[in-house]
Asks: 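So that we are looking at the same thing, I have put the structure below in structure tokens.
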Protein chains: 2
Amino acid sequence: MPRNRQDQTKQAKRDEILAAASSLFLTEGYDGASMGKIAAAAGLTPNTLYWYFRDKDELFVAVADLYLARLLQQHATVAEKPLARQLVWLVDSLRPVRHLVATVHARVARSSRIEQWHSGFHRQMETLFEDQLTIEVPEARRAAETAVVTFAIEGAVTHDLDADATTSLCHSLARRLAAG
Amino acid sequence: MPRNRQDQTKQAKRDEILAAASSLFLTEGYDGASMGKIAAAAGLTPNTLYWYFRDKDELFVAVADLYLARLLQQHATVAEKPLARQLVWLVDSLRPVRHLVATVHARVARSSRIEQWHSGFHRQMETLFEDQLTIEVPEARRAAETAVVTFAIEGAVTHDLDADATTSLCHSLARRLAAG
DNA sequence: ACCTGAACACCGTTCAAGT
DNA sequence: ACCTGAACACCGTTCAAGT
């Protein structure tokens, strides 16, 4: 049953598709979440998705953007806590979207759309960590230090560490940033 | 022109397929390297690949195994150098196979074959780094420390850092392992 | 403006059939 | 034992056609 015959705004229908895509990308991954499944979950035919999104990667990026915005917004609630706690929070927040993280890395070479999103994401993370660097860390090392933190966080998210290993890793990273 | 009519051993033909697959996986990635392309590069029809390999993931793992064996073997040539140098060497060695690394992470949830290979790979890396830990590092932290190194290396490989950033990151990691 | 049915060029994989 | 042709159930995507 098609719905959008003016009883829904375009944005509302778009959000419905986004919700369907979001849930399927998380549970089934990029390959598992076919355009057919996503369309069905939104009560549409596959080809109709192309009215709202240029291609699958654009749909994927829209979903990723949604989570990134939510993440940065929620970060405010922990921004004042010690760095180690923030990192644990970050890992816990990203763990549910680990399929998205893996997909970004797998497709970054094939889709310029995803490539763009990816570098934006890393810029966000770097500024987030740079702000917390102790002043003593020499300029030349900053990039390397923040890179280590970002990569380690990504690793912790995509490789399932248990809770103990995660906190241990986060404290180790925080110690490093504080010590320089 | 089909070839294997007893003028080639099964192993030889298998190696030919592996060579074709290897080159295509590196240049085109997992998705780009279709069974059709791989078969064509080996002078076969796609379905014939299934005589030698159970499915695409088994073929992929065979390729990954090849590179891992080569890596561990060549590591002997740098095993005596300082840790930072070893890490730079490791990143440089893995960079050409970055597509493989990304694929492993993207498919680890969907293929048990790859999942198995992946945990084997990390076991290898961990023992490799643990051997180089200073004795002072407390038992409880070891797992976290080696995890940080592994993840940071993986990150450096899959996110293109320039040469300066790479050496800087590797020295930072080495400093960490030595300092505890 | 929004949505569909039908089609296109691909996938990975299976299987009966050939040598 | 090795290899193929033909088929199957899918993909993502395009496009002319409907309302």
Asks: Just verifying a value: how many Å separate B:L100 CG and B:L66 CG, rounded to the nearest 0.5 Å?
Replies: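 Nearest 0.5 Å value for the CG-CG distance: 10.5 Å.
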Asks: So if I define the base as every atom that isn't primed, P, OP1 or OP2, how would nucleotides 7-13 of chain C read as a B/S/- string at a heavy-atom cutoff under 4.0 Å?
Replies: ----SSB
Asks: Going by atom types only, do B:T150 and B:E126 share a side-chain donor-acceptor pair under 3.5 Å?
Replies: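 No pair is found: no donor N or O on one side chain lies under 3.5 Å from an acceptor on the other.
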Asks: Using atom CH2 of A:W51 as one end and atom P of D:dT14 as the other, report the distance to the nearest whole Å.
Replies: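 In whole Å, D:dT14 P lies 14 Å from A:W51 CH2.
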Asks: In Å, rounded to the nearest 0.5 Å, how long is the span from OG1 of B:T146 to CZ of B:F151?
Replies: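 It comes to 8.5 Å.
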Asks: Closest heavy-atom contact between A:Y52 and A:E58?
Replies: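 That would be O-OE2, 4.4 Å.
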Asks: Let me check I have this right: for DNA chain D, each base becomes ., (, ), [, ] or |, based on Watson-Crick or G-U pairs with both distances under 3.5 Å. What is the full string?
Replies: ||.|||||...|||||.||
Asks: Ion pair present between B:K13 and B:E16, side-chain N to carboxylate O less than 4.0 angstrom?
Replies: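 So B:K13 pairs with B:E16 through a salt bridge.
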Asks: Regarding B:T45, tell me which of base, sugar-phosphate or nothing describes its non-hydrogen contacts under 4.0 Å with the strands shown.
Replies: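 Counting heavy atoms under 4.0 Å across all strands, the contact made by B:T45 is with sugar-phosphate only.
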Asks: Please tabulate, one pair per line, all N/O donor-acceptor pairs under 3.5 Å involving side-chain atoms of residues 87-97 of chain A, not counting sequence neighbours.
Replies:
| from | atom 1 | to | atom 2 | distance (Å) |
| --- | --- | --- | --- | --- |
| A:S93 | OG | A:W89 | O | 2.7 |
| A:R95 | NH1 | A:A156 | O | 3.2 |
| A:R95 | NH2 | A:T166 | OG1 | 3.1 |

Asks: Distance check needed: C:dC2 P versus A:E16 CD, whole Å only.
Replies: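 After rounding, the reported distance stands at 14 Å.
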Asks: Can a side-chain donor-acceptor contact be found between A:H105 and B:H105 if the only test is distance below 3.5 angstrom?
Replies: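 Distance-only check fails for B:H105 and A:H105.
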Asks: Whether the A:E28 and A:H99 side chains hold a donor-acceptor pair (N or O, under 3.5 Å, no angle test) is what I'd like checked.
Replies: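 The answer is no; no qualifying pair exists.
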